[in-house]
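Reckoned from all heavy atoms, side chains included, excluding hydrogens, waters and symmetry mates. Only a predicted model underlies this, so the values are computations on that prediction, with no experimental measurement involved.
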Amino acid sequence: MRSLMCGEVGEEHVGSVLTVCGWVARRREHGEHLAFLDLRDHTGIVQCVVDGAADLRSEWVVRVTGTVRLRPEGTINEQLATGAVELGDCRVEVLNTAEPPPFPLDERAADVDEVVRLRHRYVDLRRVEMQRNLRTRARVLGAIRRSMDAQGFVEVETPLLIASTPEGARDFVVPSRQRPGSFYALPQSPQLFKQLCMVGGVDRYYQVARCLRDEDLRADRQFEFTQLDAEMSFADQEDVLDVITAAVDAAVRSVRTGAPGGGGGSALDGVEAGIGEVPRMSWREAVDRFGSDKPDIRFGMELTELTDLFADTGFNAFRAPSVKGIRHAGASGSTSRSLLDDLTETAKRWGAKGLVWMRVEEGEDGGVRLVSPVAKFMSDAELAGVASRLDAQVGDVLYLVADEWAATTHVLGLLRLELGRPPTSEGGLRFLWVVDFPLFESIDAVTGRPVPAHHPFTMPHPDDLAALDGPSEGLLAVRSQAYDLVLNGWELGSGSVRIHRRELQQQVLDLLGIGPEEAADRFGFLLDAFRFGAPPHAGFAFGIDRLVALLLGEDNIREVIAFPKTQSGTDPLTGAPTSVDPAQLAELGLRTLPPRG
RNA sequence: GGUCCCGUGGUGCAGUUUGGAGUGCACGCCGGCCUGUCAAGCCGGAGGUCGCGGGUUCAAAUCCCGUCGGGACCGCCA
C-alpha cells in the first residue's frame, strides 16, 4: 500500500516514484493550479505538491503517489527532517475523510484542557510528542527485558485474580459469580507470588507486571501502573542493587541512543552514557538532610541542624526535640510579606506548629542582621548561631521549624521542594539508593505494637537482630534490609531482603501482634511454602511509568500512558466507571446501596 | 477526609478586582480569491445555556451560596 514512511523520504530518493500514506497535517492551497500538502505519519512529515486544486481537509487519511525531487532553491524547510525534498506531481487518493480535529495537533496541544485530549485520545496519540512518549516507553521496556534476560532472569506471569489481603493499599475487588459473596482482589503487586517462585526454584524471577491500588491519584500515581518486578534466590542486598542498577542503566541508554524522532528530553542532559555509579544514602541521613525518604538531590537547600543552639533558649517554641532551618539564597527581594504569610499557613497545613522566617539584612558592623517577628525572643548568641550555621548572606530568607524530629524534617522537606525544586525537565538525572530503612515505622498508640515500615516479610538488619528481643522503645531503631531507588525526588521503586526462616518470621509476626492463627489466615500459604525449603531471597520492583516520564522530562505519568484516567479515576473516553445492568449484579449476588449523604 | 487553583463559540485567552446589551483577540471551521507555500496570504461569513442550580439586584460572565467537572498538593499509597 505504501513504499516508504513519510519521515523517511530523503535526497537519496530523488527521481523515484514513491507512495506514502498518512494524515493531512496541513494544506496550503494556491488556487486551482497549485497546492501543498503536509502528510504526517508517526515517522514525520513530508510535503506533497499537487499541480491543481486539492479538495482535502485536516486529518483526512490519504495515499499519495509522487516523484521525489529536490525543492527549488530558497524553499528548503530547515524545520523539517524531510525539508530538502518534496513529493511532486502527486496523485492523491482519499482513503477516508475526517471531521476537523477537536483541538490543534501541533505544539499548541500542550495548552489544551487535558480532558479534551483524553476524550479524544485516539487523536491526541497522533501528535509527535505522544508518539515519542509511546515509542520511548516501548524501547525502555524492551531494554529492561533484554537486560533482565541477559542477567539470567526468567519472566513468569502471575495471576490477576488473587485473594485479598488486608495489608497495604486498598484493594480493587472483583466479585465471584460462581461463589456469590466471595471476591477476588486485583494484585497491588505480585509480592507473594514471586516469593513462591523462589521456593519453586525459579532462582531469578522477573515480570513486567501490572499492579493495581485503589488509592487517591496524583501526578505520579494511577490506579493501574506497570512495574519491573524482580526477585532472586541466594542473593543479598548488594546483588539486587547491582541487578536493578544494570536494568535501569540499560533503560537510560536505550533512550539516549534512540532512533530519530524518538529521542529523550532535556532531562538527559548531563547523562553521558549510562547512569554510572548510583550514590547511596541511609534513610536516616536522607530524612535528616533533605526531610524526605525520597530526596531530590538535584539541588541543595539542605536542612541544617540547629537543635543544640536552642537547648537553653528563652524562646519556648524552640525548646523542642528538633530545630532545623533552610536557607533560600537571595530570595528576600522576591519574597513578599504576604508570600511569607502564605508559606506559614501552608506549613501549618503540613503539620507544623509554626514557621519562623528571617530576612537576612546588612548589620551595622558590616555583618548580617536577621530580621524576623520572633527575633526579639532570641538571644544575640542564638541569632548569631543561626546565621553562622546556615551561612546566611545578605538578601537570603531563612526558614526555621521546631518540633519533633519527624515533624520538623517533614515540614522543612516539603518547604525545600516548594521553594527550590527545579522543573522536571532540568537538572539531569540524579539517581539515589536510599538504604537502611527502619523496620518499624512507629509504635501504635492504641495497641502498643510496632507498625511495619515495609511489609512483615522484610529481613531486619543483621546488626540489629538483638534489639528485636529488647524493649519496645528500642524497636524503632531497628534497621531493615529494605532499600528504595529514588530519581529526582520521585520514588522509583523499593525492595528488600526477605525473611526466609520460620523462627525469625514468627518472631516478627509476634512483635506485630499477628498470632499464628491470624497469620495462617492472612498469608498461611506463604508460611506453608516456607516449610518446604525456601532459599534466602531478595527482590525489588520499580515503576516503569515514573521512569519513562522522568526520562522524557514529563512531570505527569499520564503523558506516558496511552489511556490514563483523570485524578478522580474516570476515563473521559470510555466513561468508566459506569453502572452495570441489574441482571449482572444479581448474577453476582450483589445489590448497591443508595448513595451516601 | 482536607487545602488551593481553573471552568467564557471547536481550541487557547482577555473581560470578573469596581455589576450596565454576549463585547474583544488569536487559531480553527465554512465560502470566495490566489502558481512556491510551509502555523501560507487576502476578503467575507457562521458559530455562545459565560459548567450547572439557586440567591442578591432595576440589572449578574462579574457579587453570595450550593453543586458538577478538571488540575496541583496534604492525608492516604505496608
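Proximity note for A:His33 (side chain, C-beta onward) versus B:U3, B:U11, B:U35: the nearest is B:U35. Comparing B:C27, B:A40, B:C77 by their closest approach to the side chain of A:Arg108 singles out B:C27. When distances run from any side-chain atom of A:Arg221 to the nucleotides B:G75, B:C38, B:G12, the shortest one goes to B:G75. The side chain of A:His30 lies closest to B:A40, out of B:A40, B:G10, B:G70. Here B:U11 is the nucleotide among B:G71, B:G36, B:U11 with the atom lying nearest to any side-chain atom of A:Pro104.
With hydrogens and angles ignored, no donor-acceptor pair under 3.5 angstrom links the side chain of A:Glu32 to the base of B:U35. Judged by distance alone, with hydrogens and angles left aside, A:Arg26 brings no side-chain donor or acceptor close enough to the base of B:C38 to form a pair under 3.5 Å. Judged by atom type and distance alone, A:Glu86 reaches the base of B:G36 through a side-chain donor-acceptor pair under 3.5 Å. A donor-acceptor contact under 3.5 Å links the side chain of A:Asp216 to the base of B:G75. The base of B:C38 lies outside donor-acceptor range of the side chain of A:Arg27, with no N or O pair under 3.5 Å.
Using a 4.0 Å heavy-atom distance criterion, A:Arg119 is classed as making no nucleic acid contact. Within the nucleic acid shown, A:Asp214 has no heavy atom closer than 4.0 Å to any nucleic acid atom. Nucleic acid contact class of A:Thr570 (heavy atoms, under 4.0 Å, all strands): sugar-phosphate only. A:Arg213 comes within contact range of the sugar-phosphate backbone alone, with a heavy-atom separation under 4.0 Å but no base atom that close.
Rounded to whole Å, the distance from CG on A:Asp89 to P on B:U35 is 18 Å. Computed from coordinates, the A:Leu37 CG to B:A40 C1' distance equals 14 Å when rounded to whole Å. As rounded to whole Å, 13 Å separates atom P of B:G36 from atom CZ of A:Arg69.
Counting only N and O atoms by type, the side chains of A:Thr158 and A:Gln207 include a donor and acceptor under 3.5 Å apart. With 3.5 Å as the limit, one finds no donor-acceptor pair spanning the side chains of A:Arg501 and A:Gln507. Inspection of the A:Thr67 and A:Asp89 side chains reveals no N or O donor paired with an N or O acceptor under 3.5 Å.
Listed pair A:Arg218 / B:C74 meets the phosphate criterion, a side-chain N or O lying under 4.0 Å from OP1 or OP2. The side chain of A:Arg28 places no N or O atom within less than 4.0 Å of a non-bridging phosphate oxygen (OP1 or OP2) of B:U37. A sub-4.0 Å separation between OP1 or OP2 of B:G75 and a side-chain N or O of A:His410 is present. Proximity of A:Asn556 to the phosphate of B:A72: a side-chain N or O atom is located under 4.0 Å from OP1 or OP2. In this structure, A:Ser568 reaches the B:G70 phosphate: one of its side-chain N or O atoms is under 4.0 Å from OP1 or OP2. OP1 or OP2 of B:A72 has at least one side-chain nitrogen or oxygen of A:Arg558 nearer than 4.0 Å. The side chain of A:Thr82 contributes no N or O atom lying less than 4.0 Å from OP1 or OP2 of B:C38. Neither OP1 nor OP2 of B:U37 sits under 4.0 Å from any side-chain N or O of A:Thr75. Side-chain N/O atoms of A:Gln188 include none lying less than 4.0 angstrom from OP1 or OP2 on B:C77.
Annotation: cation-pi geometry satisfied between A:Arg416 and A:Phe299 (NZ/CZ under 6.0 angstrom from ring centroid, within 45° of ring axis). Note that A:Arg298 lies outside the cation-pi zone of A:Trp490, set by a 6.0 Å cut-off to the ring centre and a 45° limit from the axis.
A 3.5 Å limit on both hydrogen-bonding distances identifies B:A14 as the Watson-Crick or G-U partner of B:U23. Nucleotide B:C42 forms a pair with B:G32, judged by Watson-Crick or G-U wobble geometry with both contacts under 3.5 Å. Pair assignment for B:U62: none, as no Watson-Crick or G-U wobble contacts are both less than 3.5 Å. Partner assigned to B:U67 is B:G51, using Watson-Crick or G-U wobble distances below 3.5 angstrom.
Summarising the geometry of A:Arg127 relative to A:Ala109, their closest heavy-atom pair is NE-CB, 3.1 Å, with the distance given to 0.1 Å.
With C1' as the reference atom, B:G53 and B:G7 are 16 Å apart, rounded to whole Å.
Residue A:Leu87 forms a side chain to side chain contact (heavy atoms under 4.5 Å, CB included) with just one option from A:Thr65, A:Val50, A:Val64, A:Leu4, and that option is A:Val64.
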